[in-house]
Amino acid sequence: MKTTILIAAIFFSGMTFAQEKKQDSVKTKSIEGVTMTKQVFKKQSDRFVYDVAASPVAKGNTTFDLLKQTPLLSTTDDKTLKIAGKNNALIYINGRKTNMDTESLTQFLKNTPAENIQKIEVITVPGSEYQVESSDGIINIVLKKKMSDGTSGNMRMSNSQNKYNASNASFSVNYRKDKLGINANLSGGENINPQTYILRNRSGNVQNESVGDIDDPNKNLGGYLNVDYQLTEKSNLALSWNSWANKSYNSTINLLNTITRYDNNDNLISTDYTRTKNKEDARNYNNSVNLNYELKLDSLGSKFNVNAAYLNYKRFQYSDNNTMISDVQGSTSGFSRTGKKIIQDIPQIINNFSGTVDYIQKFKNDFTFSAGGNFNKTKTDNDTKNYTYDYIYNNAGQLQMIDLTTDPNHFIYDENIYGAYLTLEKKFSDKFSGKIGARYEITNSLGTSDNAKQPEYQRIKRNYNNFLPYLSFNYAINDKNNISYSFSSRMRRPSFWELNPVKNIITQDNYTQNNPFVKASSTYNQELTYMYKNSYFLILNHTYEKDQITQVPLQRSYIDPETNQKRVQLAYIRTNFGDKQEMSAMLGVQKSLFKQYLTLNFNAGVQHNINNGTLNTDPTTGQVFDTYINDRKSTSVVITSNNTLRLDKKKTWFLGVNFFYVDQQQIELGILKDLMSLDLSIKKNWNDWTFAVNVNDVLRTNLVEIEDFQSSGNYNYIRNDQYRRNLTVSITYNFGNQKVKKVRDIESASDAIKNRTR
């Protein structure tokens with residue numbers, strides 16, 4: 001798939017104003033004169049809890065629809081979910097991490113009835129027992145327990161239209177009989193991911209601009225199979241297998257490049273044009289298997305858990321990049337000197353063996369002791385080959401290629417991670433509870449290259465140990481007021497593709513460069529939360545990231561030896577780039593209004609970013625560029641609103657209105673200009689059928705624009721249109737006994753590694 005020039009993570013937070021109505025946040029039942037209340041949204045020791053069974057939003061929805069209505073959660077593309085103030089949201093089911101890739105997980109959530117869910121837990125600062133990185137948060141979906149034997153399932157078909165048409169289909173089935181449970185899914189689809197880019201940069205008196213399209217066709221097929229067997233009343237054995245395949249052939253880049261040169265008075269001297277056409281064929285396969293054994297130790301919930309897993313990931317990527325001399329219209333004919341061809345073969349194979357052990361002991365005095373460990377052994381094999389040719393016309397007027405260079409690099413990366421954790425949790429009274437814990441991680445890695453030109457590539461060894469403490473407490477002042485605090489420290493290890501020292505060519509003067517010298521970064525999170533009447537909440541968050549891993553845009557002007565003309569080069573370098581702080585203050589509300597016809601989930605607030613990084617050399621090649629400095633601060637307003645309106649008394653028609661706005665803010669690449677999106681949906685439930693129509697980015701305002709001015713005079717601008725406005729029509733059919741008990745969802749031992757393959 002296409003090399004991503006920019007990945008911008010937008011973190012949502014905010015403040016809110018809403019009409020208040022007594023007891024809107026509780027469900028009330030009167031039984032023989034006694035009034036009982038059930039809280040819909042509340043704060044516990046280390047998590048927010050959204051009680052779905054007491055919410056009017058659940059009925060007739062899918063799990064994904066319900067998650068979009070959950071406080072603190074949002075989606076900007078109808079595919080991925082984000083927690084306010086977090087880089088990523090990891091999905092857990094019944095306390096165990098799902099063993100599915102992103103695509104199949106999305107289909108699973110969109111095809112699971114919300115009626116099967118008891119509650120949703122949002123863990124903004126995970127404890128030491130969770131294997132998460134950086135500032136990742138957790139969404140834990142707790143299923144209902146009272147379910148019978150039988151078979152159930154669903155089939156879903158959808159069709160989307162933006163610039164191109166896309167179709168997807170999935171089939172899921174659940175079976176349970178006595179001690180045996182089976183859960184399976186098969187899904188697939190075809191789509192073309194379109195993008196339009198404007199890339200403009202200037203160094204000194206030379207400006208380079210590239211304008212054009214990227215079209216990335218994709219065919220996907222995958223699924224999962226989970227088998228759970230109850231050995232005894234206290235023990236279970238489970239086997240999980242996940243598989244996903246992607247084929248992206250004839251993915252194309254078509255850019256018109258313009259180089260303009262000026263004198264010292266900014267008068268135009270000359271203009272050159274080239275046309276870049278890049279064709280890429282890529283495919284990848286992801287297969288993983290996990291064996292789980294669980295032993296229940298007592299009736300209080302104490303248990304012993306063991307996982308063993310194997311993960312195999314393969315990616316094959318072949319690209320043919322051609323840059324030709326052209327005229328202003330982009331025509332490449334009629335030139336005696338035409339340009340260059342660069343062929344890249346960039347495979348990556350990852351093998352991982354991993355295991356986890358967890359012991360949880362609960363005591364009658366509301367005290368819980370947890371301890372465990374994990375081990376990951378990973379080997380990546382990257383046998384990269386680059387071939388460079390010159391295009392020329394011979395005396396007979398025939399186009400010929402002249403072989404210039406061959407640049408192979410076989411990079412092998414071995415990594416071993418050993419981890420152990422200890423957590424103590426105590427409920428001191430009905431008002432006060434606390435939790436303290438720590439992880440200790442040992443990381444040993446070795447990167448080797450048998451044919452690297454640079455000696456420092458041949459053996460890159462890193463050994464580091466990390467102590468990662470965790471602390472949280474929760475205090476219920478009274479029935480209406482609650483306050484909590486959490487502190488967590490985490491590591492963020494680079495993805496395996498980031499470590500592979502490969503240069504991905506975009507144009508002759510524009511490329512991305514990965515870096516085998518990237519080291520793990522450290523992240524420290526603090527969060528203070530206040531809740532009022534379980535409907536209104538204030539969240540203050542601070543995140544400090546040391547040695548952050550990111551892309552840095554480096555520029556330099558140089559003299560082309562073939563034409564003796566000045567050119568400007570722009571490289572996006574993957575590296576550790578200084579430190580970063582993010583602070584946010586968010587006010588939010590989650591309420592049902594107008595006799596539960598309207599479910600309101602609204603957040604708004606302020607986010608403050610502090611960047612501090614400097615770079616002028618590519619750590620991989622040693623190439624010196626102009627110094628890039630990002631020591632700027634920014635304060636921005638962010639708003640998210642996800643609302644559901646019930647249109648009839650029978651609860652069969654629903655209208656969804658979702659909106660987000662992010663003010664411009666300073667990020668690593670420069671100033672990210674404001675983003676906004678309005679999404680509308682309408683849904684009809686009819687017996688076992690659900691019909692839905694979604695329109696995303698109605699106003700077509702979700703476009704990425706980044707602009708950066710350096711004190712040296714260097715300028716960089718990116719505009720990326722991913723055609724987020726689209727229309728999707730879907731049909732879902734549920735069959736069988738919808739109360740079938742789900743198979744236990746098992747946290748695979750390889751989950752932490754799998755996240756780093758993406």
Is there a donor-acceptor contact under 3.5 Å linking the side chains of Asn416 and Asn376? no
Short side-chain donor-acceptor distance under 3.5 Å, Ser240 and Asn290: no
Test side chain to side chain contact (heavy atoms under 4.5 Å, CB included) on Leu237 and Ser235; report intermediate values, then the result. CA-CA 7 Å; Leu237 187 67; Ser235 62; over 6 Å; no
Side-chain ([X]) to main-chain ([Y]) donor-acceptor, under 3.5 angstrom:
X	Y	value
Asn687	Trp689	no
Ser489	Pro469	yes
Asn382	Phe411	yes
Arg156	Asn168	no
Ser495	Trp497	no
Lys426	Ile436	no
Ser302	Lys362	yes
Asn218	Asp216	yes
Ser248	Pro217	yes

Full working for side chain to side chain contact (heavy atoms under 4.5 Å, CB included) between Phe375 and Ile417: CA-CA 6 Å; Phe375 167 72; Ile417 301 174; over 6 Å; no
Derivation of the side chain to side chain contact (heavy atoms under 4.5 Å, CB included) call for Ile182 and Leu225: CA-CA 7 Å; Ile182 299 175; Leu225 174 66; 3.9 Å; yes
Hey, is Glu498 close enough to Arg492 for a salt bridge, meaning N to O under 4.0 Å? yes
Electrostatic pair Arg493:Glu441 at N-O distance under 4.0 angstrom: yes
On the six-membered ring of Tyr249, is Lys247 placed so that its NZ or CZ lies under 6.0 angstrom from the centre and within 45° of the ring axis? yes
Just say parallel, tilted or perpendicular for the rings of Phe171 and Phe735, cut-offs at 30° and 60°. parallel
Listed by chain and number, what are the salt bridge (Lys or Arg N to Asp or Glu O under 4.0 Å) partners of Asp281, not counting sequence neighbours? Lys279
Taking the six-membered ring for Trp and the single ring otherwise, decide whether the centroids of Tyr359 and Phe304 are under 6.0 Å apart. no
I need the minimum non-hydrogen distance between Arg574 and Asn514, along with the two atoms involved. CB-CA, 4.1 Å
Please report the closest heavy-atom contact between Ser445 and Asn463, naming both atoms and the distance. N-OD1, 4.0 Å
Verdict with reasoning, Asn286 to Leu311, per side chain to side chain contact (heavy atoms under 4.5 Å, CB included): CA-CA 8 Å; Asn286 194 324; Leu311 168 69; 3.2 Å; yes
Glu415 and Thr378: side chain to side chain donor-acceptor pair (under 3.5 Å), yes or no, with the steps? CA-CA 5 Å; Glu415 180 184 82; Thr378 308; 4.6 Å; no
So for atom NZ, which belongs to Lys379, do other residues, nucleotides or ligands contribute more than 12 heavy atoms lying within a distance under 6.0 Å? no
The single option from Asn236, Thr356, Asn305 passing side-chain hydrogen bond (donor to acceptor under 3.5 Å, both in side chains) against Asn292: Asn305
State which residue, out of Ile460, Leu446, Thr380, Asn500, fulfils the side-chain contact (heavy atoms from CB on, under 4.5 Å) condition with Tyr413. Thr380
